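One structure is given below, encoded as structure tokens.
Every value quoted in this text rests on a predicted model; they were computed, and no experiment measured them. The first residue in the sequence is number 1, and the count goes up from there. Heavy-atom basis, side chains included; hydrogens, waters and symmetry copies ignored. When a ligand or atom number is given, it counts from 1 through the structure's own listing order.
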Amino acid sequence: MQQIIKCGNITADTEQTIHTIRHDKLFVLTDEYTNRYCLPMIEGIPAIREAQQIVIPANDTNKTIENVIQVWRNLTQKGATRHSLLINLGGGMVTDLGGFAAATFKRGITYINIPTTLLGAVDAAVGGKTGVNFEGLKNEIGAFYPAEYVLIWSEFFRTLPQKEILSGFAEMIKHALIHSQLDLEKLLTFSANDIDYAWLNDMVHRSVSIKEAIVEKDPFEKNIRKALNLGHTVGHAFESFAIEAGKPVPHGYAVAWGLIAELYLSHRLCDFPKEKVQKTVRFLQANYGALPIGCDDYEALFKIMQHDKKNEAGVINFTLLSDIGNVKIDQNADKELIFEALDFYRDSVGL
Ligand SMILES: NC(=O)c1ccc[n+]([C@@H]2O[C@H](COP(=O)([O-])OP(=O)(O)OC[C@H]3O[C@@H](n4cnc5c(N)ncnc54)[C@H](O)[C@@H]3O)[C@@H](O)[C@H]2O)c1
Ligand SMILES: O=C(O)C(=O)C[C@@H](O)[C@H](O)[C@H](O)COP(=O)(O)O
Ligand SMILES: [Zn+2]
């Protein structure tokens with residue numbers, strides 16, 4: 001089982017975790033920004049100072065197999081063995097890519113995730129989904145291969161741009177939607193212009209525990225883990241579409257817009273209450289703006305949804321809700337209804 005540590009002191013907790021895992025060489029993977037902003041916060045640890053560093057370019061357009069090869073190459077050239085330990089210090093891009101590199105190098109080495117974004121802490125670093133984008137599709141290549149430890153320290157978020165805070169917050173909204181009305185009510189009070197970091201830290205721990213409980217029940221997404229994919233069938237289509245258009249958007253923004261469309265489908269197919277759609281959509285619209293799409297783009301978006309990993313035998317499977325906390329997996333919507341949901345998205349965000 002993956003161990004999640006809520007850090008009080010990142011230096012002491014990291015040092016202790018490193019000592020807990022028997023290893024020969026230590027490697028630290030960062031991207032260009034986490035190397036600058038986050039590595040200095042743990043560089044006081046002698047083991048980190050002496051570790052081999054691997055730096056990859058930042059952002060999701062670099063979550064590619066080519067950069068996995070760069071990591072493999074560094075590991076090989078710097079003498080990594082099957083007993084080496086990798087620390088992924090970064091957001092979801094670094095933990096997804098680094099986790100996949102760890103899963104595949106010499107058929108698997110141990111790794112630790114230290115998420116430095118809100119999204120990484122509440123979602124990406126936890127639960128063992130690793131991978132890279134491929135052929136314009138999100139996480140098309142990957143493996144379930146959990147980090148041995150995930151160290152969560154909210155102080156990293158202080159250097160995050162507001163956009164990245166909001167991106168992570170969208171996954172927290174998703175966790176609340178699949179879990180409870182009370183969690184959602186609390187999150188809908190959030191103001192990104194006036195962040196209360198102590199409150200956010202509490203909400204982070206709550207959000208992680210929602211994900212952790214689901215992953216523990218179904219680590220390989222055969223069943224209830226599909227709950228964590230709420231908003232992602234449409235969300236990933238939006239995200240891939242934006243990358244293809246040369247205007248990438250943060251993952252959480254795509255999820256927020258995907259939630260709008262999928263709450264509509266939840267209402268139409270599972271009787272999710274209309275007033276709860278409206279209340280959540282109001283928050284999403286106010287905080288996330290819009291990905292500009294027109295009716296002409298629906299076919300392209302539908303085509304991307306046909307590659308969603310929850311699909312089976314040519315049927316697009318959605319995770320929907322009949323109420324907050326009441327998840328319905330493997331729900332089919334036909335093309336006409338999906339287009340209606342895209343109409344609803346456009347109306348809701350003022351396009
Ligand atoms: N494996 C999973 O379960 C899972 C879950 C959700 C999302 N994801 C994936 O996670 C990725 C998105 O992760 P993300 O939102 O963390 O994006 P990211 O890793 O690309 O980070 C966003 C930006 O913030 C910078 N950054 C990171 N930490 C910083 C800090 N403390 N201060 C300043 N800048 C910092 C990064 O360098 C980058 O430029 C996507 O690829 C998504 O598909 C995976
Ligand atoms: O952990 C999960 O399970 C999730 O689905 C979490 C999602 O937020 C995350 O974006 C995940 O990477 C999506 O996975 P995919 O299987 O749809 O690629
Ligand atoms: Zn996600």
Side-chain angles (χ1 to χ4, degrees), residues 30-41 55-64 88-100 113-134 137-147 150 153-175 178 207 210-212 214-215 218-233 235-237 239-240 243 248-256 258-259 305 307-311 317 319:
T30 52
D31 70 29
E32 55 203 291
Y33 301 120
T34 63
N35 192 272
R36 186 188 311 161
Y37 293 114
C38 308
L39 188 59
M41 301 209 192
V55 188
I56 52 174
N59 299 325
D60 221 62
T61 43
N62 285 305
K63 203 174 93 174
T64 59
N88 295 323
L89 178 70
M93 182 269 174
V94 168
T95 56
D96 274 16
L97 189 150
F100 184 63
N113 278 341
I114 308 184
T116 61
T117 61
L118 180 60
L119 189 141
V122 296
D123 196 352
V126 176
K129 273 191 183 179
T130 72
V132 293
N133 306 328
F134 185 64
L137 297 167
K138 286 289 302 173
N139 314 324
E140 183 74 342
I141 307 298
F144 288 99
Y145 190 75
V150 182
W153 194 55
S154 299
E155 289 301 306
F156 283 124
F157 312 152
R158 287 187 188 268
T159 52
L160 282 177
Q162 189 191 66
K163 210 166 70 171
E164 298 302 337
I165 294 278
L166 277 167
S167 179
F169 204 78
E171 299 279 23
M172 294 169 70
I173 295 279
K174 175 197 76 179
H175 287 162
I178 62 178
S207 201
I210 295 172
K211 174 160 187 176
E212 207 184 350
I214 292 175
V215 172
D218 178 23
F220 299 107
E221 202 179 47
K222 304 279 184 218
N223 194 295
I224 193 57
R225 183 167 183 168
K226 291 178 192 175
L228 297 171
N229 227 250
L230 178 71
H232 283 66
T233 310
H236 272 166
E239 195 176 355
S240 296
I243 292 175
V249 296
H251 174 72
Y253 276 61
V255 172
L259 284 173
M305 287 179 222
H307 290 273
D308 190 277
K309 291 173 212 73
K310 300 182 297 307
N311 298 350
N317 282 329
T319 296

Exercise. Name the closest protein heavy atom to atom 8 (O) of ligand 2, giving the residue it belongs to and the distance to 0.1 Å.
Key: D123 OD2, 2.7 Å
Exercise. Go through ligand 2 atom by atom and flag the ones less than 4.0 Å from a non-hydrogen atom of K174.
Key: 6 (C), 7 (C), 8 (O)
Self-check item: Contacting atoms of ligand 1, where contact means under 4.0 angstrom from a heavy atom of Y37
Solution: 33 (C)
Exercise. Restricting to N/O/S, name the atom of E171 that gets closest to the Zn ion (ligand 3).
Key: OE2
Practice problem: Around atom 21 (O) of ligand 1, find the nearest protein heavy atom and jot down its residue, atom name and distance. | Solution: T117 CG2, 3.7 Å
Practice problem: State the atoms of ligand 1, each with its element, that fall below the 4.0 Å cut-off from a heavy-atom position in G91. | Solution: 16 (O), 19 (O)
Exercise. Name the closest protein heavy atom to atom 15 (O) of ligand 1, giving the residue it belongs to and the distance to 0.1 Å.
Key: L119 CB, 3.6 Å
Exercise. Answer yes or no: are there more than 12 heavy-atom neighbours, outside F144 itself, under 6.0 Å from its atom CZ?
Key: yes
Exercise. List every atom of ligand 2 that sits less than 4.0 Å from any heavy atom of H251, numbering the atoms from 1 in the order shown and giving each element.
Key: 10 (O)
Quiz item: With a cut-off of 4.0 Å, which atoms of ligand 1 are near a heavy atom of Y33?
Solution: 37 (O), 39 (O)
Self-check item: Euclidean distance, I210 CD1 relative to K174 NZ, rounded to 0.5 Å
Solution: 10.5 Å
Quiz item: Looking at N113, T95, T116, which one forms a side-chain hydrogen bond (donor to acceptor under 3.5 Å, both in side chains) with N88?
Solution: N113
Quiz item: Which residue holds the protein heavy atom closest to atom 29 (C) of ligand 1, what is that atom called, and what is the gap in Å?
Solution: L160 CD2, 3.5 Å
Quiz item: Can you tell me which residue and heavy atom of the protein come closest to atom 39 (O) of ligand 1, and the distance to 0.1 Å?
Solution: N59 OD1, 2.6 Å
Self-check item: Side chain, backbone, both or neither: K129 near ligand 1, heavy atoms under 4.0 Å
Solution: both
Self-check item: Per-atom contacts, ligand 2 versus R225 - under 4.0 Å to a heavy atom
Solution: 1 (O), 2 (C), 3 (O)
Self-check item: Flag, side chain of D31 to backbone of I56, donor-acceptor distance under 3.5 Å
Solution: no
Quiz item: To the nearest 0.1 Å, how far is atom 41 (O) of ligand 1 from its closest protein heavy atom, and which atom is that?
Solution: D60 OD1, 2.3 Å
Practice problem: Starting from the Zn ion (ligand 3), look over the N/O/S atoms of H251 and name the nearest one. | Solution: NE2
Quiz item: Which is it for E32 and ligand 1 at heavy atoms under 4.0 Å: side chain, backbone, both or neither?
Solution: neither
Exercise. Could you list which atoms of ligand 1 come closer than 4.0 Å to a heavy atom of T34?
Key: 27 (C), 28 (N)
Quiz prompt | Ion pair K211/E171, N-O distance below 4.0 Å | solution = no
Quiz item: Could you state the interatomic distance from CG (L97) to CG (N133), rounded to the nearest 0.5 Å?
Solution: 9.5 Å
Self-check item: Protein residue, atom and distance nearest to atom 12 (O) of ligand 2, heavy-atom basis
Solution: N139 ND2, 3.3 Å
Exercise. Give a yes or no on whether a salt bridge exists between K138 and D60, defined as a side-chain N under 4.0 angstrom from a carboxylate O.
Key: yes
Self-check item: Contact with ligand 1 for C38, non-hydrogen, under 4.0 angstrom
Solution: yes
Quiz item: Taking heavy atoms and a distance under 4.0 Å, where does T116 meet ligand 1: side chain, backbone, both or neither?
Solution: both
Practice problem: Drop me the distance from H236's NE2 to I243's CD1, to the nearest 0.5 angstrom. | Solution: 9.5 Å
Quiz item: Which atoms from ligand 1 have a heavy atom of E164 less than 4.0 Å away?
Solution: 22 (C), 23 (C)
Quiz item: Roughly how far, to the nearest 0.5 Å, is the CE atom of M93 from the OG1 atom of T34?
Solution: 9.5 Å
Quiz prompt | Any N or O of K138 closer than 3.5 Å to N or O of ligand 1 | solution = yes
Quiz item: Does any N/O atom on T159 come nearer than 3.5 Å to any N/O atom on ligand 1?
Solution: yes
Quiz item: So which protein heavy atom does atom 17 (O) of ligand 2 come closest to, and at what separation?
Solution: N229 ND2, 3.0 Å
Quiz item: Can you name the one residue among K310, H251, K226 that meets side-chain hydrogen bond (donor to acceptor under 3.5 Å, both in side chains) with H232?
Solution: H251
Exercise. Could you tell me whether a side-chain N or O of R225 sits under 3.5 Å from a main-chain N or O of P219, the two making a donor and an acceptor?
Key: yes
Quiz item: Do any nitrogen or oxygen atoms of K309 lie less than 3.5 angstrom from nitrogen or oxygen atoms of ligand 2?
Solution: yes
Quiz item: So, does T130 use its side chain to make a donor-acceptor pair with the main chain of Y145 at under 3.5 Å?
Solution: no
Exercise. Return yes or no for this condition: an N or O of D31 is under 3.5 Å from an N or O of ligand 1.
Key: yes
Exercise. Please verify whether a non-hydrogen atom of K226 lies at under 4.0 Å from ligand 2.
Key: no
Quiz item: Which value, rounded to the nearest 0.5 Å, describes the distance between L160 atom CG and L166 atom CG?
Solution: 11.0 Å
Practice problem: Find all atoms of ligand 2 within a distance of less than 4.0 Å from any non-hydrogen atom belonging to H236, and give their numbers and elements. | Solution: 13 (C), 15 (P), 17 (O), 18 (O)
Quiz item: Can you check whether G252's main-chain N or O pairs, donor with acceptor, with S167's side chain at less than 3.5 Å?
Solution: yes
Exercise. Look at atom 16 (O) of ligand 2 and say which protein heavy atom is nearest, naming residue and atom and giving the distance to 0.1 Å.
Key: K129 NZ, 2.9 Å
Practice problem: Would you please determine whether K310 falls within less than 4.0 Å of ligand 2 on a heavy-atom basis? | Solution: no
Quiz item: Taking heavy atoms and a distance under 4.0 Å, where does D96 meet ligand 1: side chain, backbone, both or neither?
Solution: side chain
Quiz prompt | Heavy-atom nearest neighbour in the protein, as seen from atom 17 (O) of ligand 1, with distance rounded to 0.1 Å | solution = G92 N, 4.1 Å
Quiz prompt | Taking atom 3 (O) of ligand 1 as the reference point, the nearest protein heavy atom with its distance | solution = K211 NZ, 3.2 Å
Quiz item: Of the backbone and side-chain N, O or S atoms of D123, does one lie nearer to the Zn ion (ligand 3) than 2.8 Å?
Solution: no
Exercise. Starting from atom 20 (O) of ligand 1, locate the nearest protein heavy atom and write down its residue, its atom name and how far away it is, to 0.1 Å.
Key: M93 CB, 3.5 Å
Quiz prompt | N or O contact, K138 vs ligand 2, cut-off under 3.5 Å | solution = no
Exercise. Keeping the roles fixed (side chain from N35, backbone from T30), state whether a donor-acceptor pair exists under 3.5 Å.
Key: no
Quiz item: So which protein heavy atom does atom 9 (C) of ligand 2 come closest to, and at what separation?
Solution: H232 NE2, 3.8 Å
Quiz item: Judging by distance only, is a nitrogen or oxygen of T130 under 3.5 angstrom from one on ligand 1?
Solution: no
Practice problem: Could you see which bit of N139 sits under 4.0 Å from ligand 1, with heavy atoms only: side chain, backbone, both or neither? | Solution: side chain
